[in-house]
Amino acid sequence: LLGALAAGLMAIDMGGPINKATHYAIVAIVTTAVNKGLQPGDPTYDFALQLNAANLLGMLTPPAGIAIATWLFPQKFEKGDRAPSLANFITGCCGITEGAIPYVLQKPVSTILATVTGAAFGGIISMQLGFTAIAPEGGFIGMVASNPQGFYKGFIACMSGALVTALILGFSRKDVEPTESQLGRWKGIPTQPVMNFFHKIFAPVGRFFKKIFAPVGRFFKKIFTPVGHFFKKIFTPIGNFFKKFKRKKKVQTNNEAKQQ
């Protein structure tokens with residue numbers, strides 16, 4: 001959970017105040033563990049480095065996930081949004097999260113939901129695999145320099161989170177309907193058949209729960225509607241009394257001000 005929280009907070013505002021506060025808080029935890037002279041193998045030391053690894057993944061996942069989304073689902077993005085995807089992926093892998101900001105500005109809610117979910121998932125995978133990194137910055141370079149033997153664990157965690165981000169973006173966005181020449185040979189993963197499949201599965205489930213809870217809702221409505229009317233009859237006159245009192249006091253205040 002802490003890995004998901006650390007990575008998710010890093011991805012929530014793309015280098016903004018929440019990102020920076022989370023980053024420096026985790027760096028302070030690692031610095032404290034090092035200054036105390038703790039060594040690898042100590043549970044506190046290893047936990048601090050695992051948290052720092054999730055911190056790094058939170059920087060990488062949003063731009064990498066968005067870039068992968070433009071490759072897997074090109075029909076969901078305009079040509080101008082697909083063009084910088086490779087540069088966005090490379091800079092994201094170097095720990096620069098800000099490449100995701102233009103996409104966030106287009107669709108803030110769905111994009112932030114996708115990036116935070118993907119980063120949190122990557123953080124969980126990283127913590128479960130026990131991946132550690134002491135470098136506070138540097139993206140994949142920092143990961144390799146910190147933990148060359150276990151680097152593959154960080155790579156698996158990052159790509160898992162990025163793929164989750166890409167899938168959420170692909171299935172939450174509508175097609176922008178670019179021309180065939182703009183898309184080229186690769187037309188993207190078709191999302192509508194998958195959405196239709198899940199609709200067929202979950203629509204009967206939704207109707208089933210509706211049949212169950214609709215009578216319950218009507219039952220509580222019958223109980224609490226008279227109660228609401230009862231309290232309304234009691235408190236409405238009281239409210240009117242205070243309104244009249246307040247109005248009368250305001251008139252008196254105005255008259256006194258005029259006399260003065």
Side-chain angles (χ1 to χ4, degrees), residues 1-31 47-73 76-77 81 84-85 87-129 131-133 135-143 153-174:
L1 290 177
L2 285 174
L5 183 63
L9 289 173
M10 289 296 296
I12 199 168
D13 60 351
M14 317 298 168
I18 299 175
N19 174 291
K20 292 294 185 287
T22 305
H23 174 67
Y24 288 116
I26 293 173
V27 169
I29 292 172
V30 175
T31 304
F47 173 76
L49 265 60
Q50 288 174 11
L51 204 58
N52 186 60
N55 172 38
L56 286 175
L57 289 169
M59 301 180 195
L60 307 178
T61 306
I66 291 172
I68 293 172
T70 63
W71 299 335
L72 296 180
F73 307 97
K76 307 286 183 175
F77 297 88
D81 296 329
S85 59
N88 194 20
F89 183 83
I90 293 172
T91 55
C93 290
C94 293
I96 301 172
T97 317
E98 286 78 3
I101 291 177
Y103 301 89
V104 175
L105 294 176
Q106 292 177 2
K107 297 181 180 293
V109 177
S110 61
T111 307
I112 290 175
L113 176 64
T115 55
V116 171
T117 305
F121 183 78
I124 292 172
I125 298 297
S126 175
M127 295 289 280
Q128 289 295 320
L129 293 176
F131 177 62
T132 59
E137 298 279 1
F140 278 127
I141 298 172
M143 289 183 182
K153 297 178 181 179
F155 180 79
I156 292 171
C158 182
M159 289 299 103
S160 299
L163 186 60
V164 169
T165 295
L167 291 174
I168 294 174
L169 286 174
F171 284 98
S172 62
R173 283 174 168 249
K174 294 181 180 179

**Q** Is it the case that the side chain of Thr97 and the backbone of Met59 share a donor-acceptor pair, with hydrogens and angles ignored and the cut-off at 3.5 Å?
**A** yes
**Q** Supply the atom-to-atom distance Lys153 NZ to Ile125 CD1, rounded to the nearest 0.5 angstrom.
**A** 13.0 Å
**Q** How long is the span from the CZ atom in Phe89 to the CG atom in Leu60, to the nearest 0.5 Å?
**A** 9.5 Å
**Q** Report the residues that fulfil side chain to side chain contact (heavy atoms under 4.5 Å, CB included) with Tyr24, sequence neighbours left out, ordered by chain and then residue number.
**A** Lys20
**Q** Taking Ser126 for its side chain and Gly122 for its backbone only, find out whether a donor-acceptor pair lies under 3.5 Å.
**A** no
**Q** Apply side chain to side chain contact (heavy atoms under 4.5 Å, CB included) to residues Leu57 and Met143 and explain how you reach the verdict.
**A** CA-CA 10 Å; Leu57 289 169; Met143 289 183 182; 3.4 Å; yes
**Q** Specify the closest pair of heavy atoms between Gly123 and Ala7, including all atoms of both residues, with the distance to one decimal.
**A** CA-CB, 4.0 Å
**Q** In Å, rounded to the nearest 0.5 Å, how long is the span from CD1 of Ile124 to OG of Ser160?
**A** 11.0 Å
**Q** Calculate, to the nearest 0.5 Å, the distance between atoms CG and CD belonging to Asn55 and Gln50 respectively.
**A** 13.5 Å
**Q** I want to check something: taking the side chain as every heavy atom from C-beta on, are Leu113 and Val116 in contact at a cut-off of under 4.5 Å?
**A** no
**Q** Start with the C-alpha distance between Asn19 and Ile12, add both sets of side-chain angles, then the distance that settles side chain to side chain contact (heavy atoms under 4.5 Å, CB included), and finish with yes or no.
**A** CA-CA 7 Å; Asn19 174 291; Ile12 199 168; over 6 Å; no
**Q** Using the side chain to side chain contact (heavy atoms under 4.5 Å, CB included) rule, take Tyr103 and Leu169 through it: C-alpha gap first, then chi angles, then the decisive distance, then the call.
**A** CA-CA 10 Å; Tyr103 301 89; Leu169 286 174; over 6 Å; no
**Q** Are there more than 12 heavy atoms of other residues, nucleotides or ligands under 6.0 Å from atom CD of Gln106?
**A** yes
**Q** So, the side chain of Thr70 versus the backbone of Ala67: is there a donor-acceptor pair under 3.5 Å, distance only?
**A** yes
**Q** Using a 4.5 Å cut-off on heavy atoms from C-beta on, say whether the side chain of Thr115 contacts that of Thr61.
**A** no
**Q** Just by distance, do the side chain of Thr111 and the backbone of Pro108 share a donor-acceptor pair under 3.5 Å?
**A** no
**Q** Show your working on side chain to side chain contact (heavy atoms under 4.5 Å, CB included) between Thr117 and Thr165 and close with a plain yes or no.
**A** CA-CA 7 Å; Thr117 305; Thr165 295; over 6 Å; no
**Q** I need the Leu163 CG to Cys158 SG distance, nearest 0.5 Å.
**A** 11.0 Å
**Q** Keeping the roles fixed (side chain from Asn52, backbone from Thr132), state whether a donor-acceptor pair exists under 3.5 Å.
**A** no
**Q** A quick test of your reading: do over 12 heavy atoms of other residues, nucleotides or ligands sit less than 6.0 Å from CZ of Phe155?
**A** no
